[in-house]
Amino acid sequence: MKKWMCIVTAALLALGLCAGCGGKNELSDELGVYTLDADGVKVYTIVGYANGPILPENPKCRAEVEAAVNAKLYADLGFKVNVQVTNVTANIYGNKLAGDLSNGDTIDMSRMVNRSALPEYYADEMALDVTAYVNAAPKLKAAIPQEAWDEYTIDGKILAIPFVGCPADSAMYARGDLLEAAGYTNPDGSYKIPAEKAEFVDMLRAVKAYQTGQAGQRVPAAISFDTLEKLFYGLYTDKPGHFADGQTIKHKIYDDTYLTFLKDVRTWSKENLVDKLYNFNDATAANMLTNETAAVIGGNVFAVEYGSLNAMSKTPAYKLDCIPIFFDEYAALNRKMPTASLSNTYVWFPYTAQSIGAAVKYLEWALCTSQENYDLATYGIKDKTYTLDEGGAVSIAAAETGANNFSDLFGAFYVSNNAAFERPNAVRPQLANEIYDLYYSQPIGMYYISPINFINSKLPLNLSTAATDANNIVASYVQKIVDSTASGFYADGEVDAKYAEMKTQFEAKNGHKVFEEYSARYKASSAG
């Protein structure tokens with residue numbers, strides 16, 4: 001059982017409209033709005049919004065699962081729920097949500113993936129303080145690391161329930177057959193996976209020697225600079241990003257370890273160990289891996305399950321494997337890995353909400369109380385909507401339900417693979433399962449979040465423009481420092497002077513004014 005906390009899943013069933021909704025039969029108590037069913041049992045209506053694909057309105061087995069869920073819920077907590085979920089495509093979700101809220105429509109909870117939106121909702125008095133509700137759900141609160149709660153707490157108020165996914169979104173992938181051909185192997189001749197930065201560089205040099213003289217333009221690794229920074233910069237400093245110096249927020253370029261990191265990447269680039277530091281995407285990198293232009297690529301943690309590496313992982317000849325972030329080296333150095341957020345998904349509670357108490361209680365019951373409840377609320381009815389193999393891996397019974405996964409079956413909230421009670425996925429590539437097990441098992445305290453992530457990031461127009469201009473200046477200088485193929489690549493003797501010049505130009509573009517604003521907000525937030 002993973003120690004990661006629970007996530008909003010398809011446990012929120014789209015169960016249909018309740019009797020008396022909006023009519024004289026509506027009643028309310030401390031948990032929210034409810035009606036009484038024929039047996040006099042309270043049925044709380046919970047209205048949820050979720051962004052994602054539009055799902056079928058009437059998948060098979062919904063009524064049976066609804067009855068099973070509510071029977072168990074009533075036995076445990078003495079009430080039932082009727083969750084009405086509106087699924088909206090991601091590209092119009094924000095506008096749809098804002099429009100319906102402005103109309104005064106009841107929305108009890110909204111699933112979001114954009115962390116920066118929450119401070120804006122709070123500033124606009126759209127997000128409700130749910131501290132009391134969370135404190136009344138001790139199993140839910142305990143299941144979520146305090147660091148994640150802190151990320152969604154503003155002025156001492158809990159504004160959302162965070163669901164910790166995989167904070168490290170980057171990995172590297174290697175063709176084991178090419179590593180073996182290059183002689184980067186274990187004593188038994190099998191390919192070796194580097195366990196630390198120095199070994200990683202040794203691997204690239206071995207591949208480079210193997211590629212020398214081969215036809216066509218080849219490179220050991222195709223990894224963007226952004227991915228290299230996510231993977232490695234934390235090994236150089238305990239503040240791998242913008243940082244707080246007291247109550248003053250500073251740009252990462254003012255930590256001189258950043259220059260040390262840039263110089264190392266510069267060395268890898270000059271040796272032609274890494275290529276395309278700025279000018280390609282994950283799909284291009286995967287293609288380079290397929291056609292042997294590269295032996296290693298940078299990619300997303302989820303690439304094997306959802307990306308172009310899925311098919312490659314099922315082809316034995318490639319011996320595809322993951323080179324994960326060097327967790328042990330990070331731990332040995334007592335360093336933190338940069339991340340934008342500990343939580344990839346959260347639910348917040350708009351000012352039109354009417355049944356927050358019931359929603360929070362239901363989430364706690366369904367997701368954090370027992371394996372039995374989690375299986376029922378997440379997968380449905382065993383041997384009808386899902387099956388378990390001998391190893392305990394779960395499969396949705398598509399032939400019976402007409403659905404490909406649980407989200408399709410119940411038309412509700414997104415299902416992720418990091419819930420405390422989640423079972424292995426029988427249809428997921430084995431390599432993907434192994435990657436998730438490794439990444440999700442890492443302690444949450446190893447991640448570093450820039451302090452500006454905890455404050456309202458929406459800047460006035462003049463400062464927003466300044467931030468863009470200043471960041472463009474930094475990107476331009478950094479590219480010419482690290483990328484030996486870039487136009488205007490700086491000579492070795494110029495690097496220190498150019499780095500100092502970059503900071504001067506950053507300030508000339510009013511980057512310092514932007515960080516003065518961040519500092520003022522950080523100070524005010526800290527005082528609050």
Side-chain angles (χ1 to χ4, degrees), residues 7-28 31-35 43-59 62 66 81-130 133-134 152 154 157-163 343-363 366 407-408 410-415 456-458:
I7 188 166
V8 165
T9 73
L12 288 178
L13 309 179
L15 301 182
L17 298 176
C18 65
C21 261
K24 63 182 180 180
N25 293 326
E26 272 191 354
L27 301 168
S28 64
L31 295 184
V33 173
Y34 67 90
T35 57
V43 181
Y44 291 93
T45 300
I46 303 170
V47 180
Y49 273 43
N51 62 317
I54 300 300
L55 304 173
E57 292 184 0
N58 296 297
R62 178 185 291 169
E66 170 191 352
V81 294
N82 172 17
V83 183
Q84 307 167 15
V85 178
T86 297
N87 283 281
V88 184
T89 54
N91 61 321
I92 65 170
Y93 184 69
N95 290 336
K96 169 70 173 173
L97 185 67
D100 290 354
L101 285 174
S102 67
N103 290 335
D105 294 352
T106 296
I107 301 177
D108 294 297
M109 57 194 303
S110 168
R111 174 188 175 270
M112 297 286 287
V113 295
N114 180 4
R115 165 63 182 84
S116 63
L118 187 63
E120 297 173 19
Y121 290 145
Y122 172 67
D124 293 338
E125 299 183 348
M126 294 172 60
L128 295 178
D129 175 8
V130 293
Y133 296 107
V134 171
Y152 290 84
I154 300 177
K157 302 172 184 176
I158 297 175
L159 300 179
I161 297 176
F163 300 97
S343 171
N344 300 323
T345 304
Y346 65 97
V347 291
W348 65 286
F349 303 85
Y351 63 94
T352 62
Q354 295 188 32
S355 298
I356 297 176
V360 174
K361 283 288 187 185
Y362 176 68
L363 288 175
S407 287
D408 291 344
F410 297 108
F413 279 70
Y414 176 73
V415 180
N456 189 347
S457 58
K458 186 174 182 180

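At least one donor-acceptor pair closer than 3.5 Å links the side chain of Ser343 to the backbone N or O of Phe163. In this structure a side-chain-to-backbone donor-acceptor pair under 3.5 Å is missing from Asp108 to Gly48. Ser355 places no side-chain N or O within donor-acceptor distance of the main-chain N or O of Ile46, the cut-off being under 3.5 Å.
Shown here are the side-chain contact (heavy atoms from CB on, under 4.5 Å) partners of Asn91, two or more places apart in sequence or in another chain: Thr89. For Thr106, the side chain to side chain donor-acceptor pair (under 3.5 Å) partners at least two apart in sequence or on another chain are Gln354. Lys96 is linked by a side chain to side chain donor-acceptor pair (under 3.5 Å) to Asp100, counting only residues two or more places apart in sequence or in another chain. Taking the side chain to side chain donor-acceptor pair (under 3.5 Å) definition, one finds that Asp129 meets it with Thr131, sequence neighbours left out. Not counting sequence neighbours, the partners of Tyr34 by the ring pair (Phe, Tyr, Trp, His ring centres under 6.0 Å) test are Tyr44. Partners of Ile154 according to the side-chain contact (heavy atoms from CB on, under 4.5 Å) rule, which considers only residues two or more places apart in sequence or in another chain, are Pro119, Tyr122, Leu159.
Residue pairs that meet the ring pair (Phe, Tyr, Trp, His ring centres under 6.0 Å) test with at least one member in residues 98-121, sequence neighbours left out, are Tyr121-Trp348.
Tyr93 and Arg111 get closest at one heavy-atom pair: OH-O, 3.0 Å. Of all heavy-atom pairs between Ile356 and Ala353, the closest is CG1-CB, 3.6 Å. Val347 approaches Met109 most closely through the heavy-atom pair CG2-CE, 3.7 Å. Across every non-hydrogen atom of Val360 and Phe349, the tightest pair is CG2-CZ, 4.1 Å.
Interatomic distance, Ser102 OG to Met126 CE, rounded to the nearest 0.5 Å: 9.0 Å. Ile107 CD1 to Thr352 OG1: the interatomic distance, rounded to the nearest 0.5 Å, is 5.0 Å. Considering CD of Glu26 and OG1 of Thr35, their distance stands at 8.0 Å, rounded to 0.5 Å. Annotation: the span from Asp124 atom CG to Tyr351 atom OH amounts to 10.0 Å, rounded to 0.5 Å.
Under the 4.5 Å side-chain criterion, counting only non-hydrogen atoms from C-beta, Val88 is not in contact with Leu97. Proximity of Tyr152 to Ile161: side-chain heavy atoms (C-beta onward) are nowhere separated by under 4.5 Å.
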